[in-house]
Each structure stands twice: as structure tokens, then as C-alpha cells.
Amino acid sequence: MSIRQKIVALHASLPQGVRLVAVSKFHPAEAIKEAYDAGQRIFGESRVQELVVKHEALPKDIEWQMIGHLQTNKVRQIVPFIALVQSVDSVRLIECINREAERIGRVVDILLEIHVAQEDSKTGWRYDELETFLQGEGFKSLKNVRVRGIMGMATNTDDEAVIRADFERLAGHYNALKPRFDESFDTLSMGMSDDYNVAIECGSTMVRIGSSIFGERY
Ligand SMILES: *Cc1c(COP(=O)(O)O)cnc(C)c1O
């Protein structure tokens with residue numbers, strides 16, 4: 001199937017209420033344009049430099065999202081145009097995004113990335129640490145970020161029971177946090193090419209799909 005056909009097939013098969021982020025990292029602008037021409041408007045990238053270059057080269061109605069680990073010294077480059085930062089995983093980073101957004105008079109939508117996978121390597125908050133932060137005065141003073149929900153990844157394994165348990169934990173955290181925010185807290189971002197169907201069964205409202213659309217990354 002071509003990129004176009006894959007986008008059309010995904011849009012047809014995803015349940016209502018589940019948004020598709022086409023993860024285009026490492027793939028060229030032409031591949032993104034093909035997905036765009038098939039109707040896709042939300043694209044996820046994991047590196048700031050690549051994101052900035054692609055934002056400049058491609059149509060302006062694309063909704064660019066940052067899904068990879070974000071260093072504070074690169075925040076300034078994306079804050080003017082980014083639609084959603086999914087990978088917010090520390091106090092330092094959230095404060096930095098808030099400061100840069102305030103400087104240019106924007107409110108930036110973010111997701112809080114929560115670590116549930118059984119691997120040390122993956123980024124994200126520990127849930128108890130996140131709770132402590134959200135209850136503090138420091139969080140209440142941040143006026144230029146809007147928390148839209150949470151993001152997470154399952155353990156990298158073929159064992160579907162483990163993957164499902166990870167997604168269920170994320171969904172539990174999402175439901176626990178939701179009452180503390182207003183109705184703009186509506187996004188549970190979980191599910192990638194190999195596990196998005198399980199994620200949707202567990203309540204995902206946003207899937208991040210790369211290789212199933214664009215092929216392998218090199
Ligand atoms: C690369 C990446 C994806 C997409 O992974 P695929 O397996 O190619 O679908 C999703 N989420 C994050 C955070 C990623 O870094």
C-alpha cells in the first residue's frame with residue numbers, strides 16, 4: 001500500500017474520538033506531503049531541528065506535535081508554532097515551556113508523559129512524583145501551558161498481557177487526573193504501530209503511528 005492508501009485506511013478504521021498522529025520522524029518532506037494530500041493534518045516529530053525545517057517547508061495548516069524527549073535549551077525554537085508538546089516529563093521542562101510561551105504571548109498545549117513501562121530507559125514522570133507536582137503552588141502559577149492530558153508508552157515486548165496492563169495503568173492515571181482539570185483535558189495519547197489496537201481497547205483517544213504508515217526508519 002502507498003502512504004496515501006495507508007492514511008485513508010487508518011482514517012476509515014480508527015473509531016470516532018481517536019485522533020491519528022502520523023509520526024514522520026526521519027522521513028522526508030515528500031512522504032509527509034503524500035500523507036497530507038490524503039487528508040492527514042497532524043504530524044509528530046521527535047527532534048527539534050527536523051521539526052523546524054519541516055515546519056518551514058510544508059503547508060502551514062499542519063498541526064505539528066513534539067513527541068520526543070525535549071531539551072530545555074531547544075524549547076524556544078518550537079514554542080511559536082507547536083500545536084502540542086506530548087513529551088513533557090519534568091518540572092524544569094514545563095516551567096521552561098511556560099516561560100517561553102509567556103514571552104511571546106501564547107498558551108501552549110501539552111501532555112504530561114507518564115512512565116509505566118517495565119524499562120528504565122523510557123522517559124516520563126513517575127505517577128507519584130507527578131501528583132506531588134500537580135498539587136503544589138508551582139504548578140498553579142503556570143498560566144501559559146494548558147494540560148490537555150497524558151501520554152505514555154507500553155513496555156517493548158510481544159507479550160500482549162504486559163502491554164495491556166501498561167495501557168490500563170495509563171488509563172487509570174488519566175481517569176484519576178481528569179476531574180482536577182477543566183474539559184480541555186481530553187487526550188489520552190497511547191498506542192503506536194505495533195500496539196495501537198490494544199491501546200484503543202484500553203481507552204486511547206490519540207494514537208501515534210509511524211512505521212505502519214511511512215515504513216521502517218533508517
Ligand atoms: C517513534 C515514536 C512513535 C511511532 O512509532 P512506530 O512504532 O513507528 O509507530 C510513537 N511514539 C513515540 C513517542 C515515538 O518516539
Side-chain angles (χ1 to χ4, degrees), residues 1-3 5-11 13-14 18-28 31-32 34-35 38 40-52 54 62-71 74-75 78 82-90 93-94 97 109-125 130 148-160 162-164 166-167 169-171 173-174 187-218:
M1 273 205 279
S2 65
I3 291 172
Q5 288 168 325
K6 285 173 185 160
I7 290 290
V8 169
L10 272 167
H11 283 176
S13 71
L14 292 176
V18 178
R19 275 164 295 161
L20 171 64
V21 180
V23 176
S24 48
K25 62 188 183 194
F26 308 144
H27 292 285
I32 298 177
E34 190 178 341
Q40 181 64 23
R41 289 294 179 274
I42 310 176
F43 291 89
E45 289 281 337
S46 62
R47 292 182 181 179
V48 166
Q49 207 44 52
E50 203 178 331
L51 189 49
V52 168
K54 287 173 172 173
I62 286 179
E63 196 179 300
W64 292 104
Q65 300 190 353
M66 178 65 184
I67 63 167
H69 181 67
L70 178 56
Q71 288 170 270
K74 303 214 169 132
V75 166
I78 62 169
I82 202 78
L84 181 69
V85 182
Q86 295 213 11
S87 42
V88 177
D89 62 355
S90 72
L93 181 57
I94 197 171
I97 295 169
D109 281 356
I110 65 167
L111 301 181
L112 300 164
E113 181 179 354
I114 299 180
H115 179 106
V116 294
Q118 297 173 12
E119 286 138 13
D120 294 337
S121 58
K122 297 223 167 132
T123 49
W125 300 81
L130 176 61
R148 296 295 306 269
I150 69 169
M151 184 269 257
M153 277 179 264
T155 306
N156 186 10
T157 171
D158 291 333
D159 186 342
E160 195 185 305
V162 172
I163 294 169
R164 189 176 293 276
D166 287 345
F167 287 146
R169 274 175 72 196
L170 284 168
H173 295 328
Y174 175 73
T187 304
L188 173 54
S189 171
M190 57 185 196
M192 321 200 322
S193 291
D194 290 339
D195 58 20
Y196 72 88
N197 283 313
V198 180
I200 290 168
E201 284 169 20
C202 296
S204 172
T205 70
M206 178 176 274
V207 291
R208 309 177 308 269
I209 301 183
S211 42
S212 289
I213 298 169
F214 296 108
E216 291 303 315
R217 292 178 289 272
Y218 299 102

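Counting starts at 1 for both ligands and their atoms, following the listed order.
Residue Met151 forms a side-chain contact (heavy atoms from CB on, under 4.5 Å) with just one option from Met190, Met206, Glu113, and that option is Glu113.
Around ligand 1 you find Val23, Lys25, Ile67, Met153, Met192, Ser193, Arg208, Ile209, Gly210, Ser211, Arg217, each with a heavy-atom distance below 4.0 Å.
Using a 4.0 Å cut-off between charged side-chain N and carboxylate O, Glu45 and Lys54 make a salt bridge.
Remark: Phe214 pairs with His27 by the ring pair (Phe, Tyr, Trp, His ring centres under 6.0 Å) rule, at least two apart or across chains.
No donor-acceptor pair closer than 3.5 Å links the side chain of Arg208 to the backbone N or O of Ala22. Of the possible polar contacts, none joining the Thr155 side chain to the Thr157 backbone as a donor-acceptor pair under 3.5 Å is found. Between the side chain of Glu34 and the backbone N or O of Ala31, no donor-acceptor pair lies under 3.5 Å.
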